[in-house]
> 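One structure, as structure tokens, below. Some questions next.
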Amino acid sequence: MGRRLDDRLEKIRQIIESDLDAEGVREILRLLDGPDYPVDILEELTLYSELLPLVRERPFTPRERYLHFLWDLLDKLPLCLFVSFAIPLRRLLGERIFERCGVGFICEEHVRFNIGRNMRVGDFVFFNRGVYIDSKGGVTLGNQVCLTEDVRIFTHTHSESSHIEREYKGVVIGDYAKIYTGATILPGVTIGEQAIVAAQSLVTQDVPANTVVAGMPAKIIRERKTEGRSGDDLDHIWLY
């Protein structure tokens, strides 16, 4: 089974590296044991993100559309549970969807984002299940960053007097930072290197490096207990 899945992954890679079109997507769906949509249906595909103002101003190319489609579709198929297949496939897609996707990227199930080209992802970054990234205003993640289950990142707000008036502010998360379960990061926030955001926190302002914040809104509660370690010595190893 392992060899056959590796062969499928290689075939998918070859199709994606070519001029990805509706027929190529159809072949990838076959390799994923997915639905057999006719080419004309795939050519009519419109994604939710394409209805957003920023994407209407700068539309997805057909290739971008199909890559986003494949990212979301994978989690609806049984093969998403085969981690030795699904994680490399998400990495392969991320390398082509994001503005930057560093080496060693690991992504679990049901991770969603709206504009992949507005995301910069460092080396050995880990997304756990259920992460949601509103990347309209831009999101930059440093090396060895960890986003655990159900983390939410937002980069835009709406005017209270008119919902169509929007403000975009990017989010930056520094190297070796960890964001724990259910935390929410609001627009314009920078989280410093090696900082930790506790579970269920609401981060409304910048977080200094090497600190731990918690609460709603999040406040500094102490320095991170590094025991003199920093960088790679912090053992940010996500899976074995």
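All residue numbers refer to positions in the sequence shown, counting from 1.
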> If you take all heavy atoms of Ala183 and Ala198, which pair is closest and at what distance?
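Reported closest heavy-atom pair: CB-O, 3.9 Å.
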> Got a salt bridge between Arg90 and Asp75, using NZ or NE/NH1/NH2 to carboxylate O under 4.0 Å?
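Salt bridge: yes.
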> If the threshold is 4.0 Å, N to carboxylate O, is there a salt bridge linking Glu99 and Arg117?
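Here Glu99 does not pair with Arg117 in a salt bridge, since their nearest N and O are not under 4.0 Å apart.
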> Are any of the side-chain heavy atoms of Tyr168 and Pro187 separated by less than 4.5 Å?
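Of all side-chain heavy-atom pairs linking Pro187 with Tyr168, none is under 4.5 Å.
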> Using side-chain heavy atoms (C-beta onward) and a distance below 4.5 Å, is Val145 in contact with Asn143?
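They are not in contact (no side-chain heavy atoms under 4.5 Å apart), so the answer is no.
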> So, taking the atom named CD1 in Ile179 and the one named CG in Leu147, what distance separates them when rounded to the nearest 0.5 Å?
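Answer rounded to 0.5 Å: 6.5 Å.
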> Report, as yes or no, whether the 6.0 Å neighbourhood of atom OH on Tyr132 holds more than 12 heavy atoms from other residues, nucleotides or ligands.
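More than 12 heavy atoms, drawn from other residues, nucleotides or ligands, come within 6.0 Å of this atom.
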> With no hydrogens and no angle check, is any side-chain donor or acceptor of Ser159 less than 3.5 Å from a backbone partner on Ser161?
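Judged by distance alone, yes, a pair lies under 3.5 Å.
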> May I ask you to check whether Asp232 and Tyr176 show a side-chain donor-acceptor distance below 3.5 Å?
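Present: a donor and an acceptor within the cut-off.
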> Hydrophobic clusters here meaning ILVMFWY residues chained together by side-chain heavy-atom distances under 4.5 Å, can you tell me if Ile97 and Phe126 are in one?
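In one cluster: no.
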> Could you measure the distance from the CG atom of Leu42 to the CG atom of Leu29? Nearest 0.5 Å is fine.
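Nearest 0.5 Å value for the CG-CG distance: 6.5 Å.
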> Is the shortest heavy-atom distance from the side chain of Val131 to the side chain of Glu108 under 4.5 Å?
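Side-chain contact under 4.5 Å: no.
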> Going from CG on Leu74 to SG on Cys107, what distance comes out if it is rounded to the nearest 0.5 angstrom?
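Output value for this atom pair is 9.5 Å.
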> The test is salt bridge (Lys or Arg N to Asp or Glu O under 4.0 Å); show your working for Glu17 and Arg96 and say whether it passes.
CA-CA 9 Å; Glu17 287 187 349; Arg96 290 152 180 84; 3.0 Å; yes
> Specify the closest pair of heavy atoms between Ser135 and Met119, including all atoms of both residues, with the distance to one decimal.
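Between these two residues, the closest heavy atoms are CB-CG, 3.5 Å.
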> Using a 6.0 Å cut-off, check whether atom CD of Glu160 has over 12 heavy atoms from anything other than its own residue.
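No, because the 6.0 Å sphere around CD of Glu160 holds 12 heavy atoms or fewer from other groups.
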> State, with a plain yes or no, whether a side-chain heavy atom of Lys11 is found less than 4.5 Å away from one of Glu27.
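Not touching, per the 4.5 Å side-chain cut-off.
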> Tell me whether Val213 is reachable from Val172 by hopping between hydrophobic residues (I, L, V, M, F, W, Y) whose side-chain heavy atoms are closer than 4.5 Å.
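As far as the 4.5 Å side-chain criterion goes, Val213 and Val172 are not connected within one cluster.
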> Looking at Ser162, is its backbone amide N or carbonyl O close enough to the side chain of Glu165 to form a donor-acceptor pair, meaning the two atoms are under 3.5 Å apart?
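Checking the backbone N and O of Ser162 against the side chain of Glu165, no donor-acceptor pair under 3.5 Å is found.
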> Taking all atoms of both residues into account, what is the closest heavy-atom pair of Tyr180 and Val151, and its distance?
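Reported closest heavy-atom pair: O-CG2, 3.6 Å.
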> Is any side-chain heavy atom of Leu67 less than 4.5 Å from a side-chain heavy atom of Ile16?
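Answer yes - side chains close enough.
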> Does the distance from a Lys or Arg side-chain N to an Asp or Glu carboxylate O, for Asp21 and Arg26, drop under 4.0 Å?
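So Asp21 does not pair with Arg26 through a salt bridge.
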> Inspect the contact between Arg129 and Asp150 and indicate whether a charged nitrogen and a carboxylate oxygen are less than 4.0 angstrom apart.
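No, no charged N to carboxylate O under 4.0 Å.
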> How are the rings of Phe113 and His68 set to each other: parallel, tilted or perpendicular (split at 30° and 60°)?
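Aromatic pair Phe113/His68 classed perpendicular.
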> Kindly compute the distance separating OG1 (Thr157) from CG (Leu186), expressed to the nearest 0.5 Å.
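Thr157 OG1 to Leu186 CG: 9.5 Å, rounded to 0.5 Å.
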> Less than 3.5 Å apart, any donor N or O on the side chain of Thr211 or Glu223 sitting next to an acceptor on the other?
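Glu223 and Thr211 do not have a side-chain donor-acceptor pair below 3.5 Å.
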> Same cluster for Ile106 and Val125 if Ile/Leu/Val/Met/Phe/Trp/Tyr side chains link at under 4.5 Å?
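Different clusters.
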> If you round to the nearest 0.5 Å, how far is CG of Leu141 from CG of Asp123?
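One finds 12.0 Å between CG of Asp123 and CG of Leu141.
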> In terms of hydrophobic clustering (I, L, V, M, F, W, Y; side-chain heavy atoms under 4.5 Å; direct or indirect links), are Leu92 and Leu77 co-clustered?
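Yes, same cluster.
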> So, using ring pair (Phe, Tyr, Trp, His ring centres under 6.0 Å) as the criterion, who are the partners of Phe127 when residues are at least two apart?
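If we apply the ring pair (Phe, Tyr, Trp, His ring centres under 6.0 Å) test to Phe127, skipping adjacent residues, the hits are Phe105.
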> Between Phe85 and Leu73, is there shared hydrophobic-cluster membership here, with clusters defined by ILVMFWY side-chain heavy atoms closer than 4.5 Å?
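Looking at the clustering, Leu73 is in the same group as Phe85.
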> Indicate yes or no for a side-chain donor-acceptor contact from Arg120 to the backbone of Asn118 under 3.5 Å, with no hydrogens or angles considered.
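Pair absent, no side-chain N/O of Arg120 close to backbone of Asn118.
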> Does the plane of the ring in His158 sit parallel, tilted or perpendicular to the ring in His156? Use 30° and 60° as the thresholds.
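The arrangement is perpendicular - the two ring planes meet at more than 60°.
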> Check Leu81, Ile87, Val83 against Glu109 for a side-chain contact (heavy atoms from CB on, under 4.5 Å) and give me the one that passes.
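Option passing the side-chain contact (heavy atoms from CB on, under 4.5 Å) with Glu109: Leu81.
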> Looking at Arg152 and Asp134, is any side-chain nitrogen of the basic one under 4.0 Å from a carboxylate oxygen of the acidic one?
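Judged by the 4.0 Å cut-off on N to carboxylate O distance, Asp134 and Arg152 do not form a salt bridge.
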> Taking all non-hydrogen atoms of both residues into account, name the closest pair between Ala86 and Cys80 and its distance.
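Shortest heavy-atom contact: CB-O, 3.4 Å.
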> Please check: side-chain N/O of Thr155 versus main-chain N/O of Lys136, any donor-acceptor pairing under 3.5 Å?
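It does hold such a pair.
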> Supply the atom-to-atom distance Leu9 CG to Phe82 CZ, rounded to the nearest 0.5 angstrom.
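If I round to the nearest 0.5 Å, the distance is 13.5 Å.
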> Checking Glu50 now: which residues fulfil side-chain hydrogen bond (donor to acceptor under 3.5 Å, both in side chains) with it, not counting sequence neighbours?
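So Glu50 forms a side-chain hydrogen bond (donor to acceptor under 3.5 Å, both in side chains) with Arg65.
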> Holding to side-chain contact (heavy atoms from CB on, under 4.5 Å), I want the full list of residues that pass it with Thr226, two or more places apart in sequence or in another chain.
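So Thr226 forms a side-chain contact (heavy atoms from CB on, under 4.5 Å) with Gln194, Asn210, Arg224, Leu234.
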> Is Arg100 salt-bridged to Glu95, going by a charged N under 4.0 Å from an acidic O?
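Judged by the 4.0 Å cut-off on N to carboxylate O distance, Arg100 and Glu95 do not form a salt bridge.
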> Are side-chain heavy atoms of Pro217 and Gln205 found at a separation under 4.5 Å?
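No, their side chains stay 4.5 Å or more apart.
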> How about Arg30: does its CZ atom have over 12 heavy atoms from other parts shown lying under 6.0 Å from it?
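Counting neighbours around CZ of Arg30, more than 12 heavy atoms of other residues, nucleotides or ligands fall under 6.0 Å, so yes.
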> Kindly indicate, with the supporting measurements, whether the criterion salt bridge (Lys or Arg N to Asp or Glu O under 4.0 Å) is fulfilled by Asp19 and Arg63.
CA-CA 8 Å; Asp19 186 14; Arg63 179 179 176 81; 5.9 Å; no
